[in-house]
Amino acid sequence: MISIEESTKTEAIISMYERLAQRHENVGMTIQAHLHRSLDDVKRVLELPGKIRLVKGACKEPQEIALARSDRLAEHPPHVHQAIADMFDPARLQDVGYGIGKRSI
């Protein structure tokens, strides 16, 4: 599992994941659900094999690029989850919780 923990590295890590996933089906990646770009990132990596794990993210990010840590953050991931479930095989999504319990969608 490749982890994205800092938004300044998101693009480089997704590009690396794209290269690796084309050659290895057993690779997956985390995506920070609170970034404004998260849904687009998920759509992008859904074109490739592998698991996707949505995470809250450990780094505090500027509000211009991410939701602030608040109740709004708890609302955002289920929206992302539903959009993902509508787009692909739900077995590929690994959830680590967001007040909705640990589950796979």
Side-chain angles (χ1 to χ4, degrees):
M1 188 68 63
I2 299 170
S3 179
I4 297 178
E5 288 297 336
E6 185 181 343
S7 64
T8 60
K9 298 175 182 152
T10 299
E11 188 58 40
I13 293 171
I14 291 176
S15 294
M16 178 182 65
Y17 175 78
E18 288 172 327
R19 291 189 303 274
L20 287 171
Q22 290 173 1
R23 293 182 286 175
H24 307 283
E25 290 188 17
N26 63 341
V27 57
M29 74 176 307
T30 65
I31 293 179
Q32 292 186 48
H34 72 290
L35 298 178
H36 298 311
R37 65 177 281 166
S38 297
L39 187 55
D40 291 333
D41 291 340
V42 168
K43 289 176 183 178
R44 182 173 164 189
V45 300
L46 284 175
E47 300 296 320
L48 302 162
K51 297 266 187 191
I52 299 167
R53 178 176 290 161
L54 294 175
V55 298
K56 291 179 184 177
C59 300
K60 182 176 180 181
E61 303 287 358
Q63 288 187 350
E64 300 83 44
I65 64 168
L67 293 173
R69 300 244 179 222
S70 69
D71 292 339
R72 280 191 63 213
L73 180 57
E75 295 168 7
H76 185 62
H79 167 74
V80 174
H81 288 166
Q82 187 57 52
I84 293 168
D86 291 344
M87 290 185 287
F88 81 111
D89 175 7
R92 290 182 59 197
L93 176 64
Q94 294 181 348
D95 181 14
V96 295
Y98 287 100
I100 55 175
K102 293 187 177 191
R103 62 189 173 108
S104 290
I105 295 178

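In what follows, every heavy atom counts, from backbone to side chain, and hydrogens, waters and symmetry copies are set aside.
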Rounded to the nearest 0.5 Å, the NZ atom of Lys60 sits from the NE2 atom of His34 at a distance of 11.0 Å

Nearest heavy-atom contact between His24 and Val27 is O-CG1, 3.1 Å

For Leu35 and Ala66 the tightest heavy-atom approach is CD2-CB, 3.7 Å

Are the side chains of Ile31 and Val55 in touch, meaning some heavy atoms are under 4.5 Å apart?
no

**Q.** Lys9 side chain near Ile4 side chain, heavy-atom distance below 4.5 Å
**A.** no

In this structure, CD of Gln32 is separated from CD of Glu61 (nearest 0.5 Å) by 5.0 Å

Hydrophobic clusters here meaning ILVMFWY residues chained together by side-chain heavy-atom distances under 4.5 Å, can you tell me if Leu54 and Ile65 are in one? no

query: Side chains of Met29 and Arg53: does their closest heavy-atom pair fall under 4.5 Å?
result: no

Rounded to the nearest 0.5 angstrom, the OG-CD1 distance for Ser38 and Ile52 is 11.5 Å

With sequence neighbours left out, the residues meeting side-chain hydrogen bond (donor to acceptor under 3.5 Å, both in side chains) with Thr10 are none

For residues 24-39, the salt bridge (Lys or Arg N to Asp or Glu O under 4.0 Å) pairs (sequence neighbours left out) are Glu11-Arg37, Arg37-Asp41

Sorted by chain and number, sequence neighbours left out, side chain to side chain contact (heavy atoms under 4.5 Å, CB included) with Glu18 holds for Ile14, Ser15, Arg44, Leu48

Value for CG (Leu20) from CD1 (Ile13), rounded to nearest 0.5 Å, stands at 11.5 Å

